[in-house]
Peer 1: 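Questions regarding the structure given below will be posed in turn.
Just so it is clear, the structure is predicted and the values come from calculations on it, not from any experiment. Numbers restart at 1 for each chain; the letters A, B, ... are given by sequence-line order, proteins then strands.
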Protein chains: 2
Amino acid sequence: MLLSKSCVYGLRASLYLAARNQGEFIPIRTMSDKLEISFHFLTKILQQLTAEGILESFKGPNGGVRLTREGTEIQLIDIVLAIDGSQLLTECALGLPGCGVKNPCPLHDKWAETRDAIHEMLEKTTLTELVQKGKAENLRLTTDGGFDILFDN
Amino acid sequence: MLLSKSCVYGLRASLYLAARNQGEFIPIRTMSDKLEISFHFLTKILQQLTAEGILESFKGPNGGVRLTREGTEIQLIDIVLAIDGSQLLTECALGLPGCGVKNPCPLHDKWAETRDAIHEMLEKTTLTELVQKGKAENLRLTTDGGFDILFDN
DNA sequence: CCTATTTTGGATAAAAGAGTCTCAATAACT
DNA sequence: AGTTATTGAGACTCTTTTATCCAAAATAGG
């Protein structure tokens with residue numbers, strides 16, 4: 001798997017937040033219901049994003065979480081790095097420690113190229129971009145929930 | 001992680017075999033020593049590759065394993081599919097089941113592109129290609145073992 | 001001040017991946 | 001035939017990831 005499950009959940013939740021970004025705090029319970037993710041598990045993941053400064057939270061009634069920046073200012077890579085770390089973008093395809101231009105494995109060059117493609121994709125894609133696309137074409141954010149049904153209430 | 005540890009070990013072992021491909025059977029113990037991989041664990045992995053027809057094995061003294069085809073005829077993708085399956089090349093980046101052209105997630109298009117790049121890299125790279133490169137430049141197949149020191153005995 | 005709502009943080013449990021161990025089966029050599 | 005070298009197969013353990021649960025802290029509203 002490219003991204004851990006935690007990371008995927010973090011991305012989906014971030015897209016959710018970006019999609020209804022009115023500066024309001026959204027309860028995690030609402031998100032976990034809508035996105036069909038275990039509440040407790042999602043809570044843990046969002047705590048990481050909060051710790052990394054991607055989200056901010058507010059306790060108590062009317063509390064919840066929200067993005068600290070505009071969705072246009074948040075790239076997928078920010079969330080991936082916050083949850084999965086930089087392994088994916090630095091690791092050797094053959095698992096050799098310290099593989100790099102200086103002391104490469106035979107696959108290094110080819111893998112570095114591919115890895116850069118992944119990096120670039122994650123770095124150039126913003127939450128807002130995906131939200132706009134998702135809303136325009138009513139794409140899915142859950143097994144059977146399109147953007148339209150996720151935010152009505 | 002892109003590839004599982006099993007898969008990485010399988011790739012390293014396959015490269016080892018391709019590098020000394022004289023049609024001889026190589027004992028797994030030799031490979032596990034040279035490649036610094038747990039013997040029992042490597043055994044399991046190579047059993048998978050044998051079951052998938054990528055290797056053939058021979059029991060008893062002078063036994064071991066060898067590639068069933070020439071290294072020029074074995075692509076990295078063959079080994080990845082045999083060990084990790086096709087998940088990497090089919091799965092949705094947001095983990096949604098059945099994500100595809102028909103019922104996509106907002107990230108589908110971009111991810112499909114990147115995924116194809118990975119696929120292509122794995123599909124176009126043969127064992128022999130990497131072995132030649134590895135031998136020519138004495139690259140690493142283990143933490144500190146170059147191609148030159150791995151095959152002398 | 002009290003209660004309800006919500007995040008925080010830690011403990012625990014279940015599932016998957018990684019790694020180890022043992023014994024059986026096969027084959028070569030003496 | 002017996003001994004040794006090797007793969008095959010299954011059980012088992014350890015670690016990491018995924019998931020669940022519970023009590024504590026914060027906050028709004030009555």
Peer 1: CG of A:L35 versus P of D:dA19: gap in Å, rounded?
Peer 2: 14 Å
Peer 1: Describe the nucleic acid contact of B:L46 in one word from base, sugar-phosphate, nothing, applying a heavy-atom distance below 4.0 Å.
Peer 2: nothing
Peer 1: Could you check how far CD1 of A:I28 sits from P of C:dG9, rounded to whole Å?
Peer 2: 12 Å
Peer 1: Do any side-chain nitrogens or oxygens of A:S57 fall under 4.0 Å of OP1 or OP2 in C:dT6?
Peer 2: no
Peer 1: Would you please confirm or rule out a distance under 4.0 Å between OP1 or OP2 of D:dA19 and any side-chain N or O of A:K5?
Peer 2: yes
Peer 1: Picking from C:dC29, D:dA28, C:dT26, which would you name as closest to the side chain of B:K59?
Peer 2: C:dT26
Peer 1: I need the CE-C1' distance between A:M1 and C:dA16, as an integer number of Å.
Peer 2: 10 Å
Peer 1: Map A:G63 and A:H40 onto DNA chain C by nearest heavy atom, then report which one ends up closer to the 5' terminus.
Peer 2: A:G63
Peer 1: Cut-off 3.5 Å, side chains only: do A:R20 and A:Y16 have a donor facing an acceptor?
Peer 2: yes
Peer 1: Is there a donor on the side chain of A:K44 or the base of C:dT7 sitting less than 3.5 Å from an acceptor on the other?
Peer 2: no
Peer 1: Please state how far atom CG in A:L49 lies from atom P in C:dT8, giving the value in whole angstrom units.
Peer 2: 11 Å
Peer 1: So, does B:T43 get its side chain near the phosphate of D:dT7, meaning an N or O under 4.0 Å from OP1 or OP2?
Peer 2: no
Peer 1: Could you state the atom-to-atom distance from CD of B:Q48 to P of D:dG10 in whole Å?
Peer 2: 13 Å
Peer 1: Atom CZ of B:F39 and atom P of D:dA5: how far apart are they, to the nearest Å?
Peer 2: 13 Å
Peer 1: Measuring from the side chain of A:P61 (C-beta onward, heavy atoms only), which nucleotide among C:dT7, D:dA28, D:dA19 has the closest atom?
Peer 2: D:dA28
Peer 1: Considering all heavy atoms of both residues, which atom of A:T50 and which atom of A:S57 are nearest to each other, and what is their separation?
Peer 2: CG2-OG, 4.1 Å
Peer 1: Between D:dG29, C:dA28, C:dT20, which nucleotide gets closest to the side-chain atoms of A:N62?
Peer 2: D:dG29
Peer 1: Within the structure shown, what part of the strands sits under 4.0 Å from B:F25 by heavy-atom distance: base, sugar-phosphate, or nothing?
Peer 2: nothing
Peer 1: Group every Ile, Leu, Val, Met, Phe, Trp and Tyr by side-chain heavy-atom contacts under 4.5 Å, then state whether A:I83 and A:F39 land in the same group.
Peer 2: yes
Peer 1: Taking CD1 from B:I83 and C1' from C:dG17, how many angstroms apart are they, rounded to a whole number?
Peer 2: 14 Å
Peer 1: Within a radius of less than 6.0 Å around CD of A:E36, do more than 12 heavy atoms belonging to other residues, nucleotides or ligands occur?
Peer 2: yes
Peer 1: Go through A:T114 and A:K110 one step at a time and tell me if the side-chain contact (heavy atoms from CB on, under 4.5 Å) criterion holds.
Peer 2: CA-CA 7 Å; A:T114 313; A:K110 289 197 166 209; 5.5 Å; no
Peer 1: Same cluster or not: are B:F151 and B:F25 linked, directly or through other Ile, Leu, Val, Met, Phe, Trp or Tyr residues, by side-chain heavy atoms under 4.5 angstrom apart?
Peer 2: no
Peer 1: Whole-Å distance between C:dT7 C1' and A:L17 CG?
Peer 2: 14 Å
Peer 1: Would you please confirm or rule out a distance under 4.0 Å between OP1 or OP2 of D:dT17 and any side-chain N or O of A:S4?
Peer 2: no
Peer 1: On the nucleotide C:dA18, are OP1 or OP2 found under 4.0 Å from the side-chain N or O atoms that B:Y9 carries?
Peer 2: no
Peer 1: Specify the residue among A:G60 and A:C7 whose closest nucleotide of DNA chain D lies further upstream toward the 5′ end.
Peer 2: A:C7
Peer 1: Strictly below 4.0 Å: does A:S6 bring a side-chain N or O up to OP1 or OP2 of D:dT17?
Peer 2: no
